[in-house]
Every structure is written in structure tokens, then in C-alpha cells.
There are 2 protein chains.
Amino acid sequence: MTLMEQPTVYLVDDEPAIRKALARLLRVAGFHVVAHASCEEFLHEYDPQTPGCLILDMMLPGLNGDELQKYLADNGSSLPIIFVTGHGDIPMCARAIKSGAVEFLTKPVDADALLRAVDEAIKYDSENRRSLVDVSAIKRRHSLLTPREQEVLIHVVDGKTNKKIAAELGTVEKTIKVHRARIMEKMEAGSLAELVRLAMQLGIGRPDSRCC
Amino acid sequence: MTLMEQPTVYLVDDEPAIRKALARLLRVAGFHVVAHASCEEFLHEYDPQTPGCLILDMMLPGLNGDELQKYLADNGSSLPIIFVTGHGDIPMCARAIKSGAVEFLTKPVDADALLRAVDEAIKYDSENRRSLVDVSAIKRRHSLLTPREQEVLIHVVDGKTNKKIAAELGTVEKTIKVHRARIMEKMEAGSLAELVRLAMQLGIGRPDSRCC
DNA sequence: TTGGAAATTGGACCTTAGTCCAATAAGGCC
DNA sequence: GGCCTTATTGGACTAAGGTCCAATTTCCAA
């Protein structure tokens, strides 16, 4: 597994001097740094499994910083981003942070501010990954359910009795009992209460029935 | 009830000309506007029950804009804030938005941008109030439970059987059954699944047991 | 064509949960 | 001292959930 790996600080800036200086600063502070000159280059190497954060210049040849931010967000990435820009203005800053950026710094970069931001970003990322791992484990178990079992699960966490579920699915109580037992086993739930909580994390259950 | 009231746009700026201009702009756009010259004046009149948002200047005599933001946050208010400032810089913008501000605009204010921000803020506020109302209704029902019933509830939503709960609380199964029935009645839960979901919204149950 | 997963059902039996009626005991309040 | 809430318990009974063993049917893929 790659879970307990040391976090990587990705750095994307087209000016070699800045790249070198920031990389050095971060390495001295004990971080593992991977630097790129463009977003395209970064995307080519980036593995979403890797924990860490991204220090990103806004003005870049090719894909810009804010475009990369949007691209990553659209692709489900939650890599925390710290913007570092030479020609930033307030609307740009507001947009970046509203879109989820952890920090927005201007050049010349204040070393302390950057290190504080990196610490915050990495902390944020690790907490986020922990909960993502939890949910993905539940999803994995849920995927082991047969289509019919998934269907029964929805009714079970809705609080219906086996008899009622059977009637709605056009079968008998006995059948539902069997499905139910399999569901508890495959979902590794020790009780109905636990099953309900697991299902909630998958968005199954009442609070989402309001969608109709 | 004050629930379906029309939202109020609060406006705090020490410059009478700006106050007048912005208030006029907002009223023309159909909003109900209440303007004040200082944070102290605003706090004196503000009723947290009122839905709406706050357009706030940063530099003010007495309490500053960011200080009011912190004060409101510390006091559990979720009134959305739109900052409008004449001498803002990027760090100030970043801090304000990271602290939850909806938007950070600079003077002279762009009318379209302000109206867009107000729309967004009011939408955000109304959604937020809706979920707050839901949770407070559950809290109210929970407060009707006797101490003993609240204790039993914790064990019930943990998925334990009546027999086990009785053993842990030093009583017999029959007693727990009675408590349990009262709990279902008072919490207005139609099934165990529903009770578990209600309890979760109050922070009762497994996910929070990790606190110890 | 055949082996296997998925879905279904039966029967017997045990454990839990829920319900209705009734009753006791302790502590607080007017 | 009465009155009320809270917490407790008993008995009897019904309903629902869970378990073990066993069996059938359908459909898909090797």
C-alpha cells in the first residue's frame, strides 16, 4: 500500500529560479518536493494516490493555474492547492480560494507563510484521505452485493419490515430474510444500526429520498 | 413564525455616500435593505432569526469588518458576509474568504458583481437555515427524553439488544423495552433505521465514539 | 453443454422486539 | 399530605427477525 507514504509537495512554476529557490526552501524544511515547469508536465507525472499538496503558479505557458485547479476538481481530485503568483489581484484571489484553494500568496513569497500553508495543506489532505479511504472501503463491500441485494438494502435501511419489502418486490418474506442475512454479512455490519450508518455514508436512505 | 420572511440585506459602511448608493442599488433590485454606519450599530439591531446577508466594509471606526466576522462566527451566527472595501489587499481577501466570507469586492463596487454576490449569499443562507431548523426540531424532541431514556438511546443506536442494554445498565430487559417504546414515541421515529438517522444528526452514535 | 452464481422458497425453531394491562417505589412540587 | 414524573417490573401474547438444513429455477459464461 501507498498509504503511509511521506507526503509529496508538488511545485509548478515556469521560472527556473523560483522553482529552484522554493524547492530548496521546502527540502530544507524536510519535505519531499517534485517540481515541474508546466501543468501539462505535472499532470503527466501526478499520481492521485500520492498524499501531499500542490504549490501552483497562476500565470503559466499552456494550461494556467486556475485551469489546472478546475481540471483537478472536475476529475475528483482533492489535492490541496496553494497559489503563488507574481501578478495576482483580488478577484483572482477570491475566485481561487472560493474554488477551494488553501492559500493565495504573492511573489516574492514569504518563506514562513509558505511553510505554514504547506503544513496546513498537508494536514488537510491527510484528513481528507482518511475519510475517503473509509468510504471507499464501504463502497467496495457494497459492490459485493448482488443487484437484488442492493435493492433489498434500500428498503431495509428505509426501516421497512421483511414482510413489507417482500410485498413491494413481489416475493415472500422468507426470501427477504435470506437476502438480508447476506447483506449483513457482506457489508460486515454487526447490527441494523450499523448497516444504516454504513448506507448513509453511501448516500442510501431517507435523506436522499427527497431528490424525487 | 418569522421563517418565510423576506430576506434582509444588512449594509454596514461608515461613508454615508456609499451607504446611500448601495442601499439604493439593492432596493431597486428588490431587496429589503437595512443600513448602519458601524458594526456596533448593526449588532444593536441585528436579530439572528432574520434571514439575509451582510454587506460589510472592512475599515470602520470602532469594530472592524474582520473583527465583526470573527465575532459573529464565534457566536454561532452563519449570516453570509460580502466584504466591500476600499483599501483591500490580497492577504486580507484570502483571510476573509478562508474565514467563510462569500465574496470580497473592492470599491468602486461593480453593481453586477455585488448583486450576484447578494443572490448567492441569500441562497446560501436560506439553505443553511433550512437544515438548522431540521436539526433544532430533532434536538427539541430529544430534550423531551428523560435522562434514563437518553442513556438508553445511546445504547439502542449502537445496535445493542435490549437484553445487553439491560445488563449494562443494571436492570432487566422488560424495563428497556418500556424505555425504548417511549424513545420511539418521543423522537417520532417510525423505525429503528429512522431513529439511528435522527440520532446521527445529533452526533449520537458510533462515528463519534472515536472521541474517547 | 455444463458448472456456477443468483434468486427463490419451504420448514422447523429460537431469539428479539413490541404491546396491553397492571402495579410498585422514589423523589419533587404545591 | 396528595399529585406527578420517573424508573422500575411482571405476565401474557403477538409479531418480527435470525438460523440451519435443504431444494429448485434461471441465466450466463467457460
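Throughout, a chain's letter reflects where its sequence line sits, starting with A, and its residues are numbered from 1. All figures in this text were calculated on a predicted structure; none of them were measured in a lab.
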I'd like to know whether A:V84 forms a side-chain contact (heavy atoms from CB on, under 4.5 Å) with A:L56, so could you lay out the CA-CA distance, the side-chain angles of the two residues, the decisive distance to 0.1 Å, and finally the verdict. CA-CA 6 Å; A:V84 167; A:L56 184 57; over 6 Å; no
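- The existence of a salt bridge linking B:R95 and A:E103 is excluded, since no basic side-chain nitrogen approaches an acidic carboxylate oxygen closer than 4.0 Å.
- Taking the six-membered ring where the residue is Trp, A:F83 and A:F104 present tilted rings, their angle falling between 30° and 60°.
- Paired with A:R141 under the rule side chain to side chain contact (heavy atoms under 4.5 Å, CB included), one option of A:E185, A:K186, A:E188 passes, and it is A:E188.
- Counting only residues at least two apart or on different chains, the salt bridge (charged side-chain N to carboxylate O under 4.0 Å, His left out) pairs with a member in residues 164-179 of chain B are B:K160-B:E168.
- Closest approach of B:G52 to B:D125, counting heavy atoms only: N-OD2, 2.8 Å.
- Rounding to whole angstrom units, CD of residue A:E173 and P of D:dG18 are separated by 10 Å.
- Using a 4.5 Å cut-off on side-chain heavy atoms (C-beta onward), A:L54 and A:F42 make contact.
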Give me, pair by pair, the N or O atoms of the protein and of nucleotides 5-8 of chain C that are less than 3.5 Å apart, along with how far apart they are.
unit_1 : atom_1 : unit_2 : atom_2 : d
C:dA7  : OP1    : A:R148 : N      : 3.1
C:dA7  : OP2    : A:T146 : OG1    : 2.1
C:dT8  : OP1    : A:R148 : NE     : 2.9
C:dT8  : OP1    : A:R148 : NH2    : 2.6
C:dT8  : OP2    : A:R148 : NE     : 2.9
C:dT8  : OP2    : A:H179 : NE2    : 2.6

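- Atom CG of B:L192 and atom P of C:dA17 are 9 Å apart (whole Å).
- Look at CD on B:E185: it is 19 Å from P on C:dA17, rounded to the nearest Å.
- Among B:I81, B:L79, B:N75, B:D74, the single residue meeting the side chain to side chain contact (heavy atoms under 4.5 Å, CB included) criterion with B:S77 is B:L79.
- Within the structure, every side-chain polar atom (N or O) of A:K163 is placed at least 4.0 Å from both OP1 and OP2 of D:dA15.
- The CZ-P distance, from A:R180 to D:dG17, rounds to 5 Å in whole Å.
- B:K177 places its NZ atom 11 Å from the C1' atom of D:dA12, with the value rounded to the nearest Å.
- Here the P atom of nucleotide C:dA17 and the NZ atom of A:K160 are 23 Å apart, to the nearest Å.
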Heavy atoms under 4.0 Å is the rule here; annotate nucleotides 24-30 of chain C 5' to 3' with B where the base is hit, S where only the sugar-phosphate is, and - elsewhere. -------
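- Between the C1' atom of C:dA17 and the NE2 atom of B:H155 lies a distance of 18 Å, rounded to the nearest Å.
- OP1 or OP2 of D:dG17 has at least one side-chain nitrogen or oxygen of A:N162 nearer than 4.0 Å.
- Straight-line distance from the NZ atom of B:K174 to the P atom of C:dA23: 14 Å, rounded to whole Å.
- When atom types are taken as modelled, the side chain of B:E194 and the backbone of B:G190 share a donor-acceptor pair closer than 3.5 angstrom.
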